[in-house]
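Position 1 is the first residue of the sequence; numbering continues from there.
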Amino acid sequence: MSTCDLTGALSRGLTLIASDDPAERATGCDVLGDASDRNEAVRAEAASALLRLAERESEHDVLRSLAEAIGSTGDQRAVPVLIALAGHQDAEVRRGAACSFAWVATGRPDGSDVRALIALTRDQDPEVRNWATFTLGFQLEADSPAIRAALWERTTDGDPDAREEGIHGLARRRDRRAVPLLVGLLEAPEGAHVRTFGAARIMGVPELLPALLGYEPDGVGVTAAVSACDPRQRARLDAAAWELVCALHRLRPDLDASVSMPLFDHGMSLGLVPARGSAGYDVAALLERANGDPARAAELVASDLPAGGALLDEPEGDVTEDVENGPAAPSPGQQRPAKAPSTGGDPA
């Protein structure tokens, strides 16, 4: 969207939310949310306008749109508004608040926003519970006994989607209680949700391997999950990562290479001196680019980052980028890779 289009959308949204017609005010919220989603430059002004509207608005349809739109601004001033909307009588308003907490959360495990979200995971409406559990478990990078207790409660939820999100959330925090529950999801006749494979990859335990090998290896996330849970493959990757770091220290000590793993995600990252202009590399992707040779991988990094200079060319598929904490994450869904046909023998 061009600057002119954004200016027009912002102006139109501001005009509409001032209307006496509730339908127009709801549309105005949608317009402001969409403009904020597309460009950071309009978010502060859109957030301020939506905050003022929240002070006087009482129509349920408008509040539904407002709850979702204000999250798109990524403005933490929205937190008190969302906490209030989390207690609204309309389930769609509460669901919108549950979705939007992901983009404005303070990140404090004991924050009022997290407490409100935990309360929504116990909502009487199953869709509200599902979205709240998805936000708490999958989108927020926060951990505490209270968060884990809320996620654990959902593992016995009567709604299968909310139950699944509770299991995913525990796995994302590497809670061992999730292991047998993940096995159950993987062994379901209809197959597992694509995020279940991401959760299995984060857990990275051999107990999940037999169930994972029941899927076609080219399914979304299947091969990566198998690699993470196979002790032999994990050991090879760990050894190669160590050799890569050692090779880089010999070849380019100025890069001060190091390897790290994210707390709430999977994978292994190669970190470099920030001044070199690179956000780092995904170790597995870098090694694949080097045909599994750590020394060759070190040479590739050195060629990408010449001494005293910035990143020359964007490497394909292995640079770790910082992802903006904006409205772009997937929602709860039903994408499921195909299971492999039973052959009666060991997987190939």
Side-chain angles (χ1 to χ4, degrees), residues 33 36-37 40 43-44 46-48 50-55 57 63-64 66-125 127-155 157 162 165-175 177-178 195 199 202 262-265 322-332:
S36 298
D37 195 15
E40 187 177 358
R43 291 177 185 171
S48 296
L50 291 168
L51 288 168
R52 291 192 295 269
L53 177 62
E55 293 176 355
E57 188 58 66
L63 290 173
R64 290 170 191 164
L66 188 152
E68 295 190 8
I70 205 165
S72 296
T73 68
D75 195 314
Q76 289 191 345
R77 292 178 296 164
V79 168
V81 172
L82 292 176
I83 290 174
L85 295 178
H88 197 274
Q89 65 187 48
D90 187 286
E92 281 299 304
V93 174
R94 300 196 302 274
R95 184 195 62 78
C99 297
S100 287
F101 272 123
W103 315 120
V104 301
T106 62
R108 296 193 300 270
D110 60 346
S112 57
D113 50 344
V114 172
R115 292 198 300 271
L117 194 53
I118 287 174
L120 288 174
T121 67
R122 297 162 179 150
D123 195 272
Q124 62 183 357
D125 185 275
E127 267 303 286
V128 175
R129 294 198 306 275
N130 179 33
W131 277 93
T133 308
F134 169 67
T135 300
L136 181 68
F138 183 82
Q139 293 184 286
L140 291 192
E141 293 192 347
D143 194 11
S144 72
I147 290 173
R148 293 197 187 205
L151 295 171
W152 178 251
E153 282 183 35
R154 300 281 63 78
T155 64
D157 199 298
E165 294 303 335
I167 297 170
H168 294 161
L170 286 174
R172 194 162 184 250
R173 287 151 183 82
R174 294 179 168 83
D175 191 311
R177 293 177 296 176
R195 269 199 309 283
I202 291 172
L263 182 60
F264 293 97
D265 210 341
D322 290 330
V323 179
E324 180 187 357
N325 185 23
S331 61

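Looking only at distances, a side-chain donor or acceptor of T155 sits under 3.5 Å from a matching main-chain atom of W152. Between the side chain of R148 and the main chain of R173, a donor-acceptor pair closer than 3.5 Å is present. Side-chain atoms of S100 never come within 3.5 Å of backbone atoms of A97 as a donor-acceptor pair (strictly under, hydrogens ignored). Between the R115 side chain and the D110 main chain, a donor and an acceptor come within less than 3.5 Å of each other. T73 places no side-chain N or O within donor-acceptor distance of the main-chain N or O of S36, the cut-off being under 3.5 Å.
Scanning all heavy atoms of the two residues, the minimum distance from D265 to R174 falls at O-NH2, 3.0 Å. Among all heavy-atom pairs drawn from A44 and D75, the shortest one is CA-OD2, 4.4 Å. Contact between R172 and F264 at its shortest, heavy atoms only, is NE-O, 2.9 Å. Scanning all heavy atoms of the two residues, the minimum distance from A98 to L117 falls at O-CD1, 4.0 Å. Nearest heavy-atom pair across I83 and F101 is N-CZ, 3.8 Å. Residues A162 and T133 approach most closely at O-CG2, 4.0 Å, considering heavy atoms.
One finds the CG atom of L50 at 10.0 Å from the CZ atom of R77 (value rounded to the nearest 0.5 Å). Annotation: the span from D175 atom CG to L151 atom CG amounts to 9.0 Å, rounded to 0.5 Å. Separation of atoms CD (E68) and CG (D37) is listed at 11.0 Å; rounding is to 0.5 Å. Here the straight-line distance linking atom CD1 of I202 with atom CG of L170 works out to 12.0 Å at 0.5 Å rounding. For the atom pair L63 CG and H88 NE2, the distance stands at 5.0 Å (nearest 0.5 Å). Between the CD1 atom in I147 and the CG atom in L140 there is a gap of 7.0 Å [rounded to 0.5 Å].
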Next item on the list: Let me see the working for L82 and I70 under side chain to side chain contact (heavy atoms under 4.5 Å, CB included), right down to the final yes or no.
Entry: CA-CA 9 Å; L82 292 176; I70 205 165; 3.8 Å; yes
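Two residues are said to be in side-chain contact when any heavy atoms from C-beta on lie closer than 4.5 Å; R122 and I118 meet this criterion. At least one side-chain heavy atom of L66 sits under 4.5 Å from a side-chain heavy atom of L85. E165 places none of its side-chain heavy atoms less than 4.5 Å from the side chain of R129. Residues L263 and E141 are not in side-chain contact: their nearest non-hydrogen atoms beyond the backbone lie 4.5 Å or more apart.
Salt-bridge annotation for E55 and R52: absent, with no side-chain N of the basic residue lying under 4.0 Å from a carboxylate O of the acidic one.
For A91, the side-chain contact (heavy atoms from CB on, under 4.5 Å) partners are R94, D125, V128, not counting sequence neighbours.
A perpendicular orientation is assigned to the rings of F134 and W131, their planes being inclined by more than 60° (bins at 30° and 60°).
At most 12 non-hydrogen atoms from other residues, nucleotides or ligands lie less than 6.0 angstrom from CZ of R108.
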